[in-house]
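Take a look at the structure set out below.
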Amino acid sequence: VTLTFERVADAQAAKRWHALEAHVVPLDHPGMVADPLAEVEHMAFGPRGDEHVQLYLGTEEGTDVATASIWLPMRDNLENATIFLAVHEAHRRRGIGTRFAHDLFARARAEGRRRAIAFVASPLDDDGAGPPFAASLRGEPALAVFRRQLDLTSLDTATLDALVAEHVGGHAAGYEAVSWVDRVPDGLLDGAAALMARMSTDPPLGSLEWEPEVWDGARYRTREDDAIARGRRRYATGAVETATGRLVAYTDIGVSWAQPVVGYQWDTVVDPDHRGHRLGMLVKVANLRRFRTAEPASERLQTWNAASNAHMVAINDLLGFVAVERSTTWQFDL
Ligand SMILES: CC(C)(COP(=O)(O)OP(=O)(O)OC[C@H]1O[C@@H](n2cnc3c(N)ncnc32)[C@H](O)[C@@H]1OP(=O)(O)O)[C@@H](O)C(=O)NCCC(=O)NCCS
């Protein structure tokens with residue numbers, strides 16, 4: 001039996017990669033959907049931003065049996081590569097995952113990377129295939145994460161109002177909520193970049209070896225433009241300190257305009273000098289409210305939080321997010 005692993009290099013291969021993902025993603029991750037084909041094409045062939053993506057297909061005797069991607073940070077974390085891998089369920093436990101993983105590790109090494117990182121999902125109540133598979137590749141679990149899901153169809157504004165009244169109240173006096181779509185206003189750009197840098201240092205990392213990311217306004221614009229080109233709309237709400245006009249907190253949700261059914265909670269961060277004013281709850285509620293109105297076809301919102309990130313998890317619990325999956329971050333020495 002011949003098994004080949006090939007880089008997705010043309011539109012036909014992108015279509016096959018997408019078809020296999022559309023099959024396995026909802027099966028392995030309840031509530032999730034695969035990224036739409038246009039996004040796959042952008043990832044495979046689009047202009048390269050601050051992170052390079054490579055897509056791979058595993059094929060056995062003309063049948064596509066596995067998909068993978070390698071994500072290479074280009075501005076920092078130059079020794080790291082994030083790898084995703086899935087095998088079609090009818091072809092599991094035959095060694096395909098192991099062979100593909102070794103092939104991907106070699107490709108990451110060829111890009112100068114010394115460490116691979118993978119998000120290994122499990123049902124809440126049992127391990128599933130991921131952890132024993134990752135252990136068999138000599139990985140180490142580095143950070144315990146849960147995926148939580150919010151049912152947007154049953155979200156009601158009265159509940160959100162009550163949450164703000166009870167949990168924000170007068171604590172956020174002196175701050176103003178500001179919302180934008182896709183691109184942050186120029187005057188808040190440097191603030192957004194500084195907050196983005198904190199996303200790599202402030203949330204718990206466990207034993208994950210991830211360098212502090214280096215962000216400036218130009219890189220932040222690159223990231224925004226890449227999301228737009230990929231086909232994602234970004235709904236963001238920030239908190240501005242009234243006295244100084246500085247952006248001191250923000251949160252954003254990304255959604256595919258072609259496939260809005262699932263939305264993704266991207267980043268939420270409050271400047272350490274401004275914590276304790278309930279700004280996290282303030283911006284999240286305001287953003288959720290607009291998102292719901294602007295994207296009524298979006299039914300489920302996904303968020304990933306470190307198990308130990310008590311403050312973020314507490315806010316998400318109050319908003320109605322429910323844990324649906326474990327998603328441990330594993331690290332592999334290449
Ligand atoms: C995890 C996954 C990629 C494994 O692919 P695979 O081709 O079935 O893996 P292999 O056949 O190479 O398995 C290698 C070893 O992993 C372990 N393993 C794999 N599946 C397992 C399972 N269901 N239960 C227990 N151990 C398992 C075993 O040690 C196995 O060796 P063995 O068969 O000699 O006992 C596949 O189950 C999958 O696509 N799952 C959903 C996506 C996912 O979790 N991806 C994360 C990868 S890090």
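For ligands, and for the atoms within them, numbers begin at 1 and follow the listed sequence.
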Between D35 and R232, is there a side-chain N and carboxylate O pair less than 4.0 Å apart?
-> yes

Aromatic plane relationship, F332 with W330 - under 30° parallel, 30 to 60° tilted, over 60° perpendicular = parallel

Is the shortest heavy-atom distance from the side chain of L319 to the side chain of L160 under 4.5 Å?
-> yes

Min N/O separation V120 to ligand 1 under 3.5 Å = no

Could you check which of T328, V25, L85 puts a non-hydrogen atom nearest to atom 43 (C) of ligand 1?
-> L85

Distance only, no hydrogens: is a donor on one side chain within 3.5 Å (strictly under) of an acceptor on the other, for H23 and E89?
-> yes

Region of V87 engaging ligand 1 - heavy atom pairs below 4.0 Å | both

Identify the closest protein heavy atom to atom 40 (N) of ligand 1: which residue and atom is it, and at what distance?
-> R92 CZ, 3.6 Å

Test item: D202 and P272 side chains (from C-beta on) under 4.5 Å apart, heavy atoms | yes

So, does A134 sit close enough to ligand 1 that a heavy atom of it is under 4.0 Å from the ligand?
-> no

Among F133, F100, F84, F332, closest by heavy atom to atom 13 (O) of ligand 1 is F133

So which heavy atom on E213 is nearest to which on S200, and how close?
-> N-OG, 2.8 Å

Using a 4.5 Å cut-off on heavy atoms from C-beta on, say whether the side chain of Q331 contacts that of T329.
-> no

Do protein heavy atoms approach atom 34 (O) of ligand 1 to less than 4.0 Å?
-> no

Atoms in ligand 1 flagged as close to T98, the criterion being non-hydrogen separation under 4.0 Å | 10 (P), 12 (O), 13 (O), 14 (C)

Please name the pair of heavy atoms, one in Y264 and one in L301, separated by the smallest distance, quoted to 0.1 Å.
-> N-CD1, 3.7 Å

Heavy atoms only: which of G128, G95, A129, A101 is nearest to atom 11 (O) of ligand 1?
-> G95

Can you list the ligand 1 atoms lying under 4.0 Å from a non-hydrogen atom of D28?
-> 41 (C), 42 (C)

Which option out of R94, H88, R93 puts a heavy atom nearest to atom 27 (C) of ligand 1?
-> R93

Output field: ring centroids H277/H274 closer than 6.0 Å = no

Atoms in ligand 1 flagged as close to P132, the criterion being non-hydrogen separation under 4.0 Å | 17 (C), 25 (C), 26 (N), 27 (C)

Based purely on interatomic distance, does G97 place a nitrogen or oxygen under 3.5 Å from a nitrogen or oxygen of ligand 1?
-> yes

Can any side-chain N or O of R275 pair as donor or acceptor with the backbone N or O of V270 at less than 3.5 Å?
-> yes

Considering heavy atoms of the protein only, find what lies nearest to atom 29 (O) of ligand 1 and give residue, atom and distance to 0.1 Å.
-> S136 CB, 4.0 Å

Ligand 1 contacted by A121 (non-hydrogen, < 4.0 Å) | no

Of all the non-hydrogen atoms in the protein, which one sits nearest to atom 44 (O) of ligand 1, and at what distance?
-> G130 CA, 4.1 Å

